[in-house]
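Below is one structure; the comments refer to it alone.
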Amino acid sequence: MNYDPNDYLRYNSLGGTQFGFDGYIGAGQGFFVLMNDAGGTTENVVFNNTMRSNTHRNDQFYRTSNTVTNSTERHRIWLKMVAPTGASSDMLVGYVTGGTNTLDNAFDAINRGVKSRFELYSLNENNGLSIQGRSLPFDTNDQIPLGIVVQQNGIHTIAISGVDGLFTDSNQNIYLEDLVLNVTHDLRAAPYTFTVSEGRYENRFVLRYTNETLGNDDFITNNSIKVYTNNTINVTASSNIKTVTVYDVLGRTLGTVNNVNNTDVSLNGIAKTQSALVVIVELENGTKTTQKVIF
């Protein structure tokens, strides 16, 4: 009755969701085997004494059919999200021989919804993955969208828990982009801390390897949209505005105006504290911009 999906990790040909896990099953350790979908039902999973050896380590998992060999090239990043209570969720992204940027049975593990109240995962082809394999050669312009589910309001943290391959080189950058705050954070320098409310978010974070968006944005980042302040926060545009949302630097929503249906709008009721705020504006024609103001 006390079973929790956090009680087990996942492992495939790319590796395990937790850094340092090498695929050996300890004596008395329970495990699951996920078989490929197929029309026939004649396949069997066979266990026998030839799989046992006193030379195997006895504190991790053991995989008997492993497509990864000593010649397999792998470059991996393990990420961990930590909740205010100290609970954590792990995921793995890696670049591997034989991997593709589509779904692969050997290198991808679908996970969205398994840990229904708290999880960190990557996204590919509208699937949430606890393990995602990517193709080689490694491209520094590659970007991996991330999804999160949190079960409580408060300050959360995303950090690197381990790396191998080319990512052991400290000159290979690893960044986390926060699309809401328009911030690109260097995960090698420090974990990223953010405030978020309970819920699922799949359009906020991106794992990336270049810092093109680092630095301060101009207040006018789109010629058709302007944000300025006086006693209120004001938005003007060359076409009708659909939605305006204001966040503080911790990611908390301070105000939202929906269905504006006009070329200008003012947001009242937001306290003026001379702080940096993030304003996201979406026009009815689909144009969207993120701007920073002091208010």
Side-chain angles (χ1 to χ4, degrees), residues 122-124 126 139-150 153 155-156 158 173-187 189 192-295:
S122 64
L123 291 157
N124 193 5
N126 200 34
D139 181 358
T140 57
N141 294 312
D142 196 23
Q143 298 185 15
I144 314 295
L146 305 181
I148 64 170
V149 176
V150 297
N153 303 343
I155 298 174
H156 293 68
I158 295 177
N173 297 315
I174 303 173
Y175 296 105
L176 182 70
E177 182 179 6
D178 187 330
L179 298 173
V180 168
L181 300 182
N182 198 27
V183 169
T184 302
H185 176 79
D186 184 355
L187 283 177
Y192 184 66
T193 300
F194 59 100
T195 299
V196 69
S197 300
E198 178 183 358
R200 183 180 297 273
Y201 302 85
E202 295 190 339
N203 297 293
R204 178 164 181 175
F205 296 112
V206 178
L207 178 67
R208 55 187 299 168
Y209 312 103
T210 61
N211 61 352
E212 294 170 355
T213 62
L214 282 177
N216 294 326
D217 293 334
D218 295 333
F219 283 1
I220 303 175
T221 58
N222 186 303
N223 290 331
S224 65
I225 302 172
K226 180 179 180 180
V227 179
Y228 64 95
T229 63
N230 39 48
N231 291 325
T232 60
I233 297 173
N234 308 281
V235 181
T236 63
S238 59
S239 60
N240 279 354
I241 300 167
K242 180 180 179 181
T243 302
V244 179
T245 305
V246 180
Y247 299 88
D248 65 13
V249 293
L250 296 177
R252 295 176 294 196
T253 303
L254 302 183
T256 300
V257 180
N258 296 309
N259 303 315
V260 176
N261 194 30
N262 206 333
T263 58
D264 60 82
V265 64
S266 297
L267 284 84
N268 301 306
I270 298 177
K272 192 172 184 178
T273 60
Q274 295 300 312
S275 301
L277 303 178
V278 177
V279 182
I280 298 181
V281 182
E282 183 179 2
L283 304 184
E284 290 182 354
N285 63 14
T287 300
K288 192 173 183 179
T289 187
T290 301
Q291 302 185 24
K292 296 176 183 176
V293 297
I294 302 296
F295 183 72

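What you see is a predicted model, and the numbers here were worked out from it, not measured in a lab. Residue numbers start at 1 and run along the sequence shown.
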Subject >> Minimum-distance pair of heavy atoms, taken over all atoms of L283 and S239 >> reply: CD1-OG, 3.4 Å
**OP:** Specify the closest pair of heavy atoms between V150 and S197, including all atoms of both residues, with the distance to one decimal.
**Re:** CG2-O, 3.2 Å
Original post:
Do the ring planes of F205 and Y192 sit parallel (below 30°), tilted (30 to 60°) or perpendicular (above 60°)?
Top reply: perpendicular
Original post:
Do any N or O atoms from the side chain of K242 and from the backbone of N285 form a donor-acceptor pair under 3.5 angstrom?
Top reply: no
Subject >> Verdict with reasoning, T243 to V257, per side-chain contact (heavy atoms from CB on, under 4.5 Å) >> reply: CA-CA 6 Å; T243 302; V257 180; over 6 Å; no
Original post:
With a 4.5 Å limit on heavy-atom distance, are the side chains of H185 and I158 in contact?
Top reply: no
Original post:
Just by modelled atom types, is the T232 backbone N or O under 3.5 Å from a matching donor or acceptor in the N234 side chain?
Top reply: yes
Original post:
Are any non-hydrogen side-chain atoms of T229 and I294 less than 4.5 angstrom apart?
Top reply: no
Original post:
Is the number of heavy atoms from other residues, nucleotides or ligands within 6.0 Å of CG (D264) greater than 12?
Top reply: yes
Original post:
Rounded to the nearest 0.5 Å, how far does CG of L267 lie from CG of L254?
Top reply: 10.0 Å
Original post:
CG/N211 to OH/Y175 distance, rounded to the nearest 0.5 angstrom?
Top reply: 3.5 Å
Original post:
Quick one: does T245's side chain get under 4.5 Å of E282's, heavy atoms only?
Top reply: no
**OP:** Drop me the distance from L277's CG to L181's CG, to the nearest 0.5 angstrom.
**Re:** 10.5 Å
Original post:
Under 4.5 Å between any side-chain heavy atoms of E284 and N261, yes or no?
Top reply: yes
Original post:
Going by heavy atoms in the side chains, are L179 and V206 under 4.5 Å from each other?
Top reply: yes
Subject >> Other residues, nucleotides, ligands: >12 heavy atoms within 6.0 Å of N230 CG >> reply: yes
**OP:** Report the C-alpha separation of I225 and V235 in whole Å, then their side-chain angles, then the decisive distance to 0.1 Å, and conclude whether the side-chain contact (heavy atoms from CB on, under 4.5 Å) test is met.
**Re:** CA-CA 7 Å; I225 302 172; V235 181; 4.2 Å; yes
**OP:** Would you indicate whether the side-chain heavy atoms of F194 and I148 approach each other to under 4.5 Å?
**Re:** yes
**OP:** Measure the spacing between CZ of R208 and CD1 of I174 and express it to the nearest 0.5 Å.
**Re:** 13.5 Å
Original post:
N173 side chain to T210 main-chain N or O, any donor-acceptor pair under 3.5 Å?
Top reply: no
Original post:
For the atom pair CZ (R204) and CG (L176), what is the distance rounded to the nearest 0.5 Å?
Top reply: 9.5 Å
**OP:** Kindly indicate whether the side chain of V278, heavy atoms from C-beta on, has any atom under 4.5 Å from the side chain of V180.
**Re:** no
Original post:
For the residue pair Y209 and I144, what are the closest heavy atoms and their distance?
Top reply: OH-CG1, 4.3 Å
Original post:
Looking at CG of N262 and OG1 of T236, how far apart are the two atoms once the value is rounded to the nearest 0.5 Å?
Top reply: 11.0 Å
Original post:
Does CG in N258 sit with more than 12 non-hydrogen atoms of other residues, nucleotides or ligands closer than 6.0 Å?
Top reply: yes
